[in-house]
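No experiment lies behind these values; they were computed from the predicted model shown. Here is the naming used below: chain letters follow the sequence lines, and residue numbers restart at 1 for every chain.
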Number of protein chains: 2
Amino acid sequence: MKTAHVVELDRQDARILDALQDNARLSNVELSEIVHLSPSQCQRRRQRLEEMGIVQHYVAQLSPEKLGLTVMALMSVTFERHGEHIAQEFREHIVDYPEILECWSVTGDADYILKVVAADLKAFNDFMMYKLLSLPMVANVRSNLLLEALKSTTRLPVHYGR
Amino acid sequence: MKTAHVVELDRQDARILDALQDNARLSNVELSEIVHLSPSQCQRRRQRLEEMGIVQHYVAQLSPEKLGLTVMALMSVTFERHGEHIAQEFREHIVDYPEILECWSVTGDADYILKVVAADLKAFNDFMMYKLLSLPMVANVRSNLLLEALKSTTRLPVHYGR
DNA sequence: TGTGAAAAAAACACGTG
DNA sequence: CACGTGTTTTTTTCACA
C-alpha cells in the first residue's frame, strides 16, 4: 500500500508537467520559454517534481505497427476459484508475459482485465490458449480486439490549486 | 490510414529500444554500457530509430495518485445510431476531454471502449452524466472501475529478426 | 565505424535581495 | 530562504579520418 500524499501544485508546476508529458526531452531553456520562468527555476522545479514522485519516470514510446505488433486487445479474465495466494500466483505469471501491458483487478463481471499486444491473430490466439487459459486459476477469457484508436495518450490531466 | 512498414531490427537495436522504453533519459554513454556498443554507434542507431518512427516520442509518466486522480475506469460505449459522420462527431468530442486517456473502436458488444481518469467518484460520475451521456449519439455506457494494477507499462515487446 | 572538436545542456556553487 | 548568475562537468552533435 502506497501512501500517496496529494501534492498542491501551482500553475507553473502544472505547465511544466504538461510540457514534459508531451516531450520529456525538453531542455530547461526550452521549458522556460513555454512556462515563462527562468531556466534555473525550471531546473529546480523539475527536480523537485521528480523527487516528490510526481514525475515517476521518462519513457520512450514506440510504434506498435512498425514493430510488427498488429493486434491489441482487452481481455476479461474470470477466475475459477479465488483467494489471496491464487491471486498472487496469477500476478507472478502476469508480470513475466511481455505481451501483457496492463493487468487490472476490476469491478463488474470479470476478475481482471488485461491489455495485450501480439504480432498477429495467430500469436494472439496462441497467447490466449497456451499462456492464459493454461493457468489453472483461469476459468474464462473474453476478448475485445482494439480496432482503431480515436485517442491514445498517457497524458494525465494536471490540476493546480494555488 | 498509416502505411506502417515493419522494420527489421537486430539484437542491438532491440536492446537500445528496451533500455529507452525503461528510461528515456539515458545518455549515449550509459546506453553503450548497457548495449555493449560504442557511444557513437548508440547515438547513430538511436537517431535512426527515431527517424524511422519506431521511437515515436519521449514522455514523462506522472503519478495519478499524487495528482489526486484516484479513479480510473474502462467505459464501454454503445451508440444509438451509426454512420461515418456520427463517428467523426464523437471523435471530436473525445479528443477534447482530458479525462479520456484512450478511446478505441472495438469488436464485441460495445462500439467504443474508453480509458478514463477522474479525481474521485463524484467527478467520474459527473463526467459520465454530463459529458458522455449528454452526447446525442451515445445510447449506453457500462463502466468497469480499475481497482488495482497488477501490471501497468507502456513497454512493447521488441522482436528482432537479424 | 571510431575519434575528437565544438556547441549545448545539466549540475552545482556562489552571491545578492 | 528564494532567486538569478556564473562555473564546471557532462552530453550532444557533427566533421573528419
Open item on the list: Check this for me, if you would: do B:Arg155 and B:Asp18 make a salt bridge, where the nitrogen-to-carboxylate-oxygen distance has to be below 4.0 angstrom?
Closed with: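 Salt bridge between B:Arg155 and B:Asp18, a charged N being under 4.0 Å from a carboxylate O: yes.
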Open item on the list: Side-chain N or O of A:Ser40 versus OP1/OP2 of D:dC3: is the shortest distance under 4.0 Å?
Closed with: no
TODO: Ignoring backbone atoms, test whether A:Asn28 places a side-chain nitrogen or oxygen under 4.0 Å from the OP1 or OP2 oxygen of C:dA10.
DONE: yes
What is the distance, rounded to the nearest whole Å, between atom [atom1] of [X] and atom [atom2] of [N]?
X       : N      : atom1 : atom2 : value
A:Arg48 : D:dA2  : CZ    : C1'   : 12 Å
B:His36 : C:dT1  : NE2   : P     : 18 Å
B:Glu50 : D:dT13 : CD    : C1'   : 13 Å
A:Leu26 : C:dA9  : CG    : P     : 11 Å
A:Leu31 : C:dA11 : CG    : P     : 12 Å
B:Leu37 : C:dT1  : CG    : P     : 9 Å
B:Arg45 : C:dT1  : CZ    : C1'   : 11 Å

Open item on the list: Counting only side-chain heavy atoms from C-beta out, which of C:dG2, D:dT11, C:dA10 sits nearest to A:Gln43?
Closed with: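 The listed nucleotide nearest to A:Gln43's side chain is C:dA10.
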Open item on the list: Determine whether a donor-acceptor pair (N or O, by modelled atom type, separation under 3.5 Å) exists between the side chain of B:Lys151 and the backbone of A:Glu102.
Closed with: no
- [ ] Quick one: label A:Gln47 by what it contacts on the DNA or RNA (base, sugar-phosphate, nothing), any heavy atom closer than 4.0 Å.
- [x] nothing
TODO: For A:Arg44 and for A:Arg25, find the nucleotide of DNA chain C with the closest heavy atom, then tell me which residue's nucleotide is more 5'.
DONE: A:Arg25
Open item on the list: Need to verify one output field. Residue with the more 5' nearest nucleotide on DNA chain C, B:Gln41 or A:Glu30?
Closed with: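 Closer to the 5' end of DNA chain C: B:Gln41.
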Task: Polar contact flag, side-chain donor to acceptor under 3.5 angstrom, A:Glu84-A:Gln88 - done: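 Per modelled atom types, A:Glu84 and A:Gln88 side chains form no pair under 3.5 Å.
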TODO: Would you please say whether a donor-acceptor pair under 3.5 Å links the side chains of B:His82 and B:Asp111?
DONE: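 Result is yes, a qualifying pair exists.
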